[in-house]
Amino acid sequence: MSQSFEGPRYLVSFGPKRVPHCFTDVLILGGGLAGLRAALAVDPRLSVTVVTKDDLQSSSSQWAQGGIAGVVDPEDRFDNHVADTLTAGCGLCHGDVVDAVVREAPGRIAELIAWGTRFDERDGALELGREGGHSHHRIVHALGDATGREVMRAVIEQARTLDNLSVWPDTFTIDLLTHESVCRGALVWNPKHGKTFVWARRTILATGGAGQLYRESTNPPGSSGDGMALAWRAGAVLRDMEFMQFHPTVLYIAGGARSLITEAVRGAGAHLVDRDGRRFMPEFDSRGELAPRDVVSRAITVVMHRTHHANVFLDLSHLDPDTVRRRFPGMAAICGKFGLDLARDRIPVRPGAHYMIGGVSVDSAGRTSIPGLFAAGEVTSSGLHGANRLASNSLLEGLVYGARAGEAASAEVLAEVPQVGEEFRVPPIEESPAVVDQGNGTDASMLDLADIRNSLRSVMWRHVGVERTGESLAEALATVEGWCRYVLPRQFADPQGWQLQNMLEVARLMIRGAIDRAETRGVHFRADRPETSDAWRAHIAWQRGESMPHLERLA
Ligand SMILES: Cc1cc2nc3c(=O)[nH]c(=O)nc-3n(C[C@H](O)[C@H](O)[C@H](O)COP(=O)(O)OP(=O)(O)OC[C@H]3O[C@@H](n4cnc5c(N)ncnc54)[C@H](O)[C@@H]3O)c2cc1C
């Protein structure tokens, strides 16, 4: 394999004397559920700054539909939720992490209720949904299929009560600042003030996932893998980057947004049928439509090939139409915009990139491998999801690890600063070296960034999608490396360029991981290596500067 081109440490050059400086005790990058939960856990005597590149209304957390998993039904058991999570994770979950997160779930859900979240109820009790891979009804949901909107409303309102919190919207984090391998904060940019150094005693990365690397995706535009790329440039260990979960049922209407159709629709009894109206899931798995997502996504891909059709269909016509419309009002409205009746018509769907399982490696308190840097939520690899995330376990992970990272960061600051409010010592950061120019005459302004971005998303969809082969991955890597060579050394002036650079960096880490993992496991399906191998019961972990990834074997 040819040597990978290593881009510069910082995406932009800067002179410390020319850039304004700000100070905060705890800096949180990302204003989704993980970031805000972290903010709520910081000691009120410490200052907290939350930076988000858009606004608090624009995260994946806001878009979440189905709900949050937790054992709240007396008939259910922690052991059942643990077993379901381990089964979905295909041998790569950390048992201790799963056990602890599952046991923490009811408390975290109760906390949300105490902060004003109105989960759906039936007969005075929480109404519990069931999704693929779950053996019991255990998903709390809100507003039918708009759980994220309601949870975030309550969490944002709670965060607004904090006197120690400042939120900086429309502020893009370009890079983490490190000095002597310790994270000291971040370099951020916004259209009003340009670049700013934000010096922090502790930094928490909560920048979410990377679904936008794929042409077909359920994720909001901001899920471009920025956090993984900037952690990589700063030297953090990243792992399991080959594991991108594809949601099996994404609405597929030409010209329409790729809206996710929640798993709960299948939980409520919807069938998946091919173009001829034949139900096909029982042929692939005894759990039918409620098999784990990787199994359903793969089955749909096979049926699409078999029937030479661009999609399959969800069929709810055998269910009570009033119940369908009451339970899934958001989805019924979206379908309605395209002249489709969710309760009666066949709804065209196909898989789309949905959830990034791999990411920045963290311990049980959310500490990364870089001192001073914590991480929480979808940007991380915590050991909870293994090789396949169980539905509705990710909002839960954001709550649990957000709280832990906030508490641990806060405790570290308090232990180190005897006098709260003590003056901040800025590390002697040097002028960043000018970003390298390859001298091939391609000025940054001459590049059609949208074209490269679209091409990247198509390559990832075609070659690094639901089904992969060594050959197609090698082709994807060569193409992406080619783009990296002339895009990474450029210096851009705004987020469009930085985001593309981040996407390229993350794409090649994902492809490298997918090439290295010469087996099929969970969401990673290698058509040329269909077996799961015990030798690969390991994380593929990698750090900038290492020529090769290393394996972290599981006991
Ligand atoms: C359509 C959809 C439905 C889903 N349904 C469910 C569900 O029912 N249950 C479930 O458990 N999970 C669900 N998920 C997954 C879940 O929503 C996410 O995994 C979770 O919300 C991630 O939370 P987070 O806080 O880690 O990241 P996010 O909520 O994505 O927040 C990331 C934040 O980081 C900011 N950010 C990113 N890059 C930068 C940068 N460079 N500079 C500054 N800020 C930056 C963003 O602006 C944003 O504020 C769903 C996801 C989608 C897309």
Side-chain angles (χ1 to χ4, degrees), residues 11 27-38 50-70 105 129 131 139-142 145-149 151-152 155-156 167-176 186-190 198 204-212 217-231 245 247 250-251 257-264 330-331 352-357 359-360 375-380 382 384-385 389-399 401-402 405 495 498-499 501-502:
L11 287 185
L27 171 63
I28 300 177
L29 305 171
L33 188 60
L36 291 186
R37 185 61 194 82
V50 170
V51 167
T52 150
K53 68 179 170 183
D54 22 52
D55 55 39
L56 297 181
Q57 263 63 31
S58 308
S59 58
S60 275
S61 302
Q62 287 278 354
W63 286 27
Q65 297 184 354
I68 306 177
E131 298 186 341
I139 319 293
V140 295
H141 49 83
D145 53 4
T147 306
R149 184 147 48 91
V151 167
M152 287 300 285
V155 169
I156 291 169
V167 178
W168 294 11
D170 296 320
T171 303
F172 190 94
T173 305
I174 303 173
D175 265 309
L176 294 167
L187 176 65
V188 306
W189 176 95
N190 73 31
V198 187
I204 302 175
L205 194 58
T207 44
Q212 281 296 327
S217 169
T218 64
N219 287 195
S223 299
S224 49
D226 296 347
M228 293 158 206
L230 53 92
Q245 182 177 64
H247 196 287
V250 181
L251 185 64
R258 299 291 191 255
S259 303
L260 172 154
I261 301 194
T262 171
E263 200 125 359
M331 195 35 62
H354 182 53
Y355 181 82
M356 183 58 187
I357 293 172
V360 182
E378 192 169 337
V379 71
T380 66
S382 68
L384 174 66
H385 305 304
R389 175 192 69 128
L390 184 67
S392 288
N393 266 357
S394 45
L395 289 174
L396 173 60
E397 183 189 43
L399 287 170
Y401 277 83
W498 302 324
Q499 212 160 267
Q501 289 174 311
N502 289 337

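Remember, it's 1-based here, ligands and their atoms both numbered in the order they're listed. Scope of the values below: all heavy atoms of this structure, side chains included, with no hydrogens, waters or symmetry mates. This chain uses plain numbering: 1 for the first residue, then up along the sequence. Keep in mind it's a predicted model, so treat the numbers as computed, not measured.
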If you count the atoms of ligand 1 from 1 in the order shown, which ones are under 4.0 Å from a heavy atom of V51?
44 (N)
Ignoring hydrogens and geometry beyond distance, is a side-chain donor-acceptor pair present between Q245 and R389 at under 3.5 Å?
yes
Below 4.5 Å, heavy atoms only, C-beta onward: do I156 and Q57 meet side chain to side chain?
yes
Which protein non-hydrogen atom lies closest to atom 29 (O) of ligand 1, naming both residue and atom, and how far is it?
S61 OG, 2.5 Å
Which is it for W498 and ligand 1 at heavy atoms under 4.0 Å: side chain, backbone, both or neither?
neither
With respect to P220, determine whether any N or O atom, backbone or side chain, lies less than 3.5 Å from an N or O atom of ligand 1.
no
For D226, is at least one N or O under 3.5 Å away from an N or O on ligand 1?
yes
Tell me the protein heavy atom at minimum distance from atom 10 (C) of ligand 1, and give that distance in Å.
S394 OG, 3.3 Å
With a 3.5 Å distance limit and no angle check, can you tell me whether T207 reaches the backbone of G30 through a side-chain donor-acceptor pair?
no
Near A34, which atoms of ligand 1 are under 4.0 Å from a heavy atom of that residue?
25 (O), 26 (O)
Are any of the heavy atoms in G148 under 4.0 Å away from ligand 1?
no
At a 4.0 Å threshold, what atoms of ligand 1 neighbour a non-hydrogen atom of T173?
40 (C), 41 (N), 42 (N), 43 (C)
For atom 36 (N) of ligand 1, grab the closest protein heavy atom and report residue, atom and distance to one decimal in Å.
T207 CG2, 3.9 Å
Using a 4.0 Å cut-off to any heavy atom of G32, which atoms of ligand 1 qualify?
25 (O), 29 (O), 31 (O), 33 (C), 49 (O)
Sub-3.5 Å donor-acceptor pair from the side chain of D145 to the main-chain atoms of M331, do we have one?
yes
Is there a polar contact between ligand 1 and D55, counting only N or O atoms under 3.5 Å apart?
no
Taking G211's backbone N and O only, do any of them form a donor-acceptor pair with S217's side chain (distance below 3.5 Å, no angle check)?
yes
Can you tell which of L399, L395, T218, D170 gets a heavy atom nearest to atom 11 (O) of ligand 1?
L395
Looking only at non-hydrogen atoms, which of E378, M356, H141, M152 approaches atom 19 (O) of ligand 1 most closely?
E378
What about H354: any of its N or O atoms under 3.5 Å from an N or O on ligand 1?
no
For the residue pair S392 / E131, report whether a side-chain donor-acceptor contact shorter than 3.5 Å exists.
yes
Measure from the side-chain N and O atoms of N190 to the backbone N and O of P169, and report whether any donor-acceptor pair falls under 3.5 Å.
no
Among all protein heavy atoms in this structure, tell me which lies nearest to atom 7 (C) of ligand 1, with the distance rounded to 0.1 Å.
G67 O, 3.6 Å
I'd like to know if the side chain of Q62 and the backbone of L56 have a donor-acceptor N/O pair within less than 3.5 Å.
yes
Looking at side-chain heavy atoms only, is the closest gap between I174 and V188 below 4.5 Å?
no
Suppose I only count heavy atoms of A206 and a 4.0 Å limit; which atoms of ligand 1 are within that range?
32 (C), 33 (C), 34 (O)
Is the shortest heavy-atom distance from the side chain of L187 to the side chain of T173 under 4.5 Å?
no
Which of the ligand 1 atoms, numbered from 1, are nearer than 4.0 Å to a heavy atom of G66
7 (C), 8 (O)
Going by the 4.0 angstrom heavy-atom rule, the piece of E131 near ligand 1 is neither
Are any side-chain N or O atoms of Q65 and backbone N or O atoms of T262, one a donor and one an acceptor, separated by less than 3.5 Å?
yes
Under a 3.5 Å cutoff, is there a donor and acceptor pairing between the side chains of H385 and Y355?
yes
Could you check whether D170 pairs with K53 (Lys NZ or Arg NE/NH1/NH2 to Asp/Glu carboxylate O, under 4.0 Å)?
no
Nitrogen or oxygen atoms of G35 and ligand 1 under 3.5 Å apart
no
Polar atom proximity, L29 to ligand 1 (N or O, under 3.5 Å):
no
Please could you name the atoms of ligand 1 that G377 approaches to less than 4.0 Å, counting only its heavy atoms?
26 (O)
Check the side chains of T147 and H141 for a donor-acceptor pair under 3.5 angstrom, ignoring hydrogens and angles.
no
Enter the distance from W63:CH2 to L260:CG here, rounded to the nearest 0.5 Å.
10.0 Å
Are side-chain heavy atoms of T52 and L29 found at a separation under 4.5 Å?
no
What protein heavy atom sits nearest atom 48 (C) of ligand 1, and how far off is it?
G31 N, 3.9 Å
Mind checking whether S392 has a heavy atom under 4.0 Å from ligand 1?
yes
May I ask you to identify the nearest protein heavy atom to atom 35 (C) of ligand 1, giving residue, atom name and distance to one decimal place in Å?
G30 CA, 3.6 Å
For Y355, atoms of ligand 1 separated by under 4.0 Å from a heavy atom:
19 (O)
So is N219 polar-close to ligand 1, meaning N/O to N/O under 3.5 Å?
no
Note, L396 side chain near L384 side chain (heavy atom, < 4.5 Å):
no
Classify the ring geometry of W189 against W498: parallel below 30°, tilted from 30° to 60°, perpendicular beyond 60°.
perpendicular
So, is T52 polar-close to ligand 1, with some N/O to N/O distance under 3.5 Å?
yes
4.0 Å heavy-atom contact, T171 with ligand 1:
yes
V379, any N or O under 3.5 Å of ligand 1 N or O:
no
protein heavy-atom neighbour closest to atom 46 (C) of ligand 1 works out as D54 OD1, 3.9 Å
Closest protein heavy atom (residue, atom, distance) for atom 6 (C) of ligand 1:
A64 CB, 3.5 Å
Looking only at distance, does L33 have an N or O less than 3.5 Å from an N or O of ligand 1?
yes
Measuring only between side-chain heavy atoms, which start at C-beta, is V51 closer than 4.5 Å to I28?
no
